[in-house]
Amino acid sequence: MSSRSRLLESSTHVAKGVENSGEARPGAYGVDGRSQENIALHARRQASLRRMQEEASQRRLQEEAAAAAAAAAPSQDDEPPRDDDDEEQQATEEQAMEAQVQVAPSKEENNESSSNKYILIGVFVVLVLAAGAGIGLGVGLSSGGGSSSGDVPTGGNPTEGGREESCDLDTLLYQPCQQEGGGPNSQTLFSQISQDPLCQQVQTLYESVFVQKIQQEVDPNFSEQPGSCEPSNLAIWSISAHGSSQEESEASLADLYVWRTFFFATKQKSDGSLGSWLSDSPCDWQDVTCRNSSISPGHNQPAGTVVVEGVRLQRATLEGTLPSELGLATDLETLGLKGGASVSGTLPTELGSLSRLKYLNISGLSLSGTLPSELCMPAMLETLAITSGFLTGTLPSELGNCEDLEILDLRFNSFTGTIPSELWMLGNLTDILLGNNRFNDGPIPTQIFEMPKLRALYFATISRDGTIPTEFGLMTNLEFLVLFSNLLSGTIPSELGNTAKLRVLSLVGNRLTGPMPTELGRLTDLEVLGFSSNDLSGSIPDEVCSLW
């Protein structure tokens, strides 16, 4: 391939180059692995849950052991008959013991001697009596079954297999609410839950405990709607389904409420990629980072509380809308949502309440409306990226309040008007990516050249006119300059050869004239050069060709 043919002129290549480079920096704010302290907290919670369920299991063990001992009590001198009924009874007893007491692997039914049978029954009885007397023998007891929705059982009836049934909210509430049109009406759903005996305790916790706790401690605007398909209501039902285990949980009640509301608002399912969000330990949740508030105190959280500090969804399929309850996640520092083309609605203004938020990246969602002026109320915001949506209107001048902002990426929306001058006063900005909008902003503002940290400027397809300022040659940190598909005229300034770190230069689709300056040959780091669809004259200088 000749050196000239290797010059990349496609605007598609340029856009890709800038996009990949822009993603590298936000990645620095990614989700870290959960800490050892959070793992220990989760282990203590699991132990507490097992202790609370042991009493019920022990009572069942005692009853079954007494029945088994009474049924198998021949004299020690007599050999018991070996008929089919006894073999079936022995298999049943061994299965019951294996399900309730984790002592040893199952025995061979057809090759077991009669003496081994009595030994096993004797061990079973001794273990049960020891458990009833509170003697610690290191035997693990089963905690019973869970529901298909991931909810911890709060009470129920034992089945023939010795496992507990639980209130199946996934079938009674969650799945009907996910149906087209919102499923059955609220009265029908509430009636089904009220009539299910397994759900009585869950319903009591919903009505008498958690609705009041949410209203008093988290969301005073919540109103009780027992059978409603509102995501916030489903979230409280889910919390109630954990029952007493939630009382012992180190997780923040606010986080459970907020992120389960998000779970149901974006049409997630219990068997989907975010099904772990129905457990009550945020440290186990998919794509979530948590921390212990004793390490970094949370908002109104007691010491030892586990709070969610980061959510970055890369693989989940999001639908529905973004709930306003996101504004209640006051300990959140990182929020990244990608790949939710079926998410509609507006960007919640309540996000401005997240005073700890540093990283906000919402890409590929079909959001409409305007960019909320409240977004820059968090003084710590460093990355604001909302791309590939349908946002309209003008950019709010309040963007100038984001004093710590480093990356601003609003590409591929439908913003109009002019870019507020307050933006050019943000001295920490390194990446300004505003291309592929409908701005009508005139010449390139000279204030840009007073931003010494600027690394990337993406002004593609925003109807810029005028000429390319020679002051670009003074920007020694500039790596990406993308000005394709504008109305720029005049010549390519030779001063661009002084931007020694420049890696991408795209001038495609303008009205530029004159020759290509030989000084561009000094850009030894240049990877992408686009200049097609202009009125340039002459040939490409050898100095430029030698770069490839």
Side-chain angles (χ1 to χ4, degrees), residues 19 22-32 255 258-259 261-262 265-266 287-291 299 307-314 316 318 321-341 343-391 393 395-413 415 420 422-423 426 428-434 437 456 458:
E19 181 177 4
E23 285 297 312
R25 293 181 63 80
Y29 310 104
V31 179
D32 299 324
D255 280 337
V258 168
W259 295 111
T261 297
F262 177 90
T266 56
D287 298 325
V288 169
T289 297
C290 63
R291 74 165 186 274
H299 286 273
V307 297
V308 172
E309 68 173 0
V311 175
R312 290 192 66 167
L313 302 183
Q314 306 284 347
L318 305 178
T321 60
L322 299 182
S324 61
E325 286 81 2
L326 285 174
L328 299 172
T330 51
D331 288 288
L332 194 66
E333 298 181 7
T334 297
L335 178 59
L337 307 176
K338 291 187 178 181
V343 174
S344 58
T346 60
L347 195 64
T349 59
E350 289 80 2
L351 291 175
S353 301
L354 305 181
S355 59
R356 289 174 175 254
L357 194 64
K358 295 181 180 180
Y359 175 91
L360 177 61
N361 188 344
I362 300 177
S363 302
L365 278 63
S366 300
L367 299 176
S368 58
T370 60
L371 187 69
S373 60
E374 294 86 351
L375 283 182
C376 275
M377 291 178 63
M380 301 175 67
L381 195 62
E382 298 174 355
T383 295
L384 175 58
I386 304 174
T387 65
S388 303
F390 300 96
L391 298 181
L395 296 184
S397 60
E398 286 81 0
L399 285 174
N401 297 330
C402 294
E403 296 180 356
D404 292 336
L405 195 62
E406 298 177 0
I407 298 174
L408 177 63
D409 187 357
L410 301 175
R411 290 171 296 162
F412 301 101
N413 282 285
F415 293 115
E422 290 83 357
L423 193 63
L426 299 177
N428 290 313
L429 270 175
T430 62
D431 295 36
I432 303 177
L433 312 176
L434 300 177
N437 280 285
Y458 188 99

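Computation of the quantities below employed the complete heavy-atom set of this structure, encompassing side-chain atoms and omitting hydrogens, waters and symmetry-equivalent molecules. Numbering of residues begins at 1 and proceeds along the displayed sequence.
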> Out of curiosity, Asn413 CG to Ser388 OG, how far, rounded to the nearest 0.5 Å?
Replying inline: 7.5 Å
> Taking all non-hydrogen atoms of both residues, which atom of Phe412 and which atom of Asn437 are closest, and how far apart?
Replying inline: N-ND2, 4.2 Å
> Just by distance, do the side chain of Ser363 and the backbone of Lys338 share a donor-acceptor pair under 3.5 Å?
Replying inline: no
> Heavy-atom distance under 4.5 Å between the side chains of Leu322 and Leu365, does that happen here?
Replying inline: yes
>> Tell me whether Arg291 is salt-bridged to Asp331, with the criterion being a basic N under 4.0 Å from an acidic carboxylate O.
In response: yes
> Just wondering, do Ile407 and Asn361 contact through their side chains at under 4.5 Å, heavy atoms?
Replying inline: no
> Do Phe415 and Thr370 touch side chain to side chain, with heavy atoms closer than 4.5 Å?
Replying inline: no
> CG of Leu384 to CG of Leu433: how many Å apart, nearest 0.5 Å?
Replying inline: 11.0 Å
>> Evaluate Asp287 against Gln314 for side-chain contact (heavy atoms from CB on, under 4.5 Å), listing each step before the verdict.
In response: CA-CA 8 Å; Asp287 298 325; Gln314 306 284 347; 5.6 Å; no
>> To the nearest 0.5 Å, what is the distance between CD on Glu309 and CD on Glu333?
In response: 5.0 Å
> Could you give the distance from CG (Leu408) to SG (Cys402), rounded to the nearest 0.5 Å?
Replying inline: 8.0 Å
> Between Asn401 and Leu399, is there a donor-acceptor pair closer than 3.5 Å when you use the side chain of the first and the backbone of the second?
Replying inline: no
> Do Ile386 and Leu375 come close enough that some side-chain heavy atom pair is under 4.5 Å?
Replying inline: yes
> How many angstroms lie between atom CD of Glu374 and atom CD of Glu398, to the nearest 0.5 angstrom?
Replying inline: 8.0 Å
> Do the side chain of Ser344 and the main chain of Ser366 share a donor and acceptor less than 3.5 angstrom apart?
Replying inline: no
> Under a 4.5 Å cut-off applied to non-hydrogen side-chain atoms, are Leu381 and Asp404 in contact?
Replying inline: no
>> Within the 4.5 Å heavy-atom criterion, are Leu405 and Asn428 side-chain neighbours or not?
In response: no
> Between Thr261 and Pro323, what is the shortest heavy-atom contact and its length?
Replying inline: CG2-CB, 4.0 Å
> For the residue pair Leu367 and Thr346, what are the closest heavy atoms and their distance?
Replying inline: CD2-O, 4.1 Å
>> For Arg356 versus Thr330, what's the shortest heavy-atom pair and its separation?
In response: CD-O, 3.6 Å
>> Would you say that Leu313 contacts Thr266 through its side chain, given a criterion of any heavy-atom pair below 4.5 Å between the two side chains?
In response: no
>> Would you say that Leu335 contacts Leu351 through its side chain, given a criterion of any heavy-atom pair below 4.5 Å between the two side chains?
In response: yes
>> Take a 6.0 Å sphere around CD of Glu403 and say whether it holds more than 12 heavy atoms from other residues, nucleotides or ligands.
In response: no
> Any donor and acceptor pair, going by atom type alone, linking the side chain of Asp431 with main-chain N or O of Thr383 inside 3.5 Å?
Replying inline: no
>> Within this structure, what is the OG-CE distance for the pair Ser353 and Met377, rounded to the nearest 0.5 Å?
In response: 6.5 Å
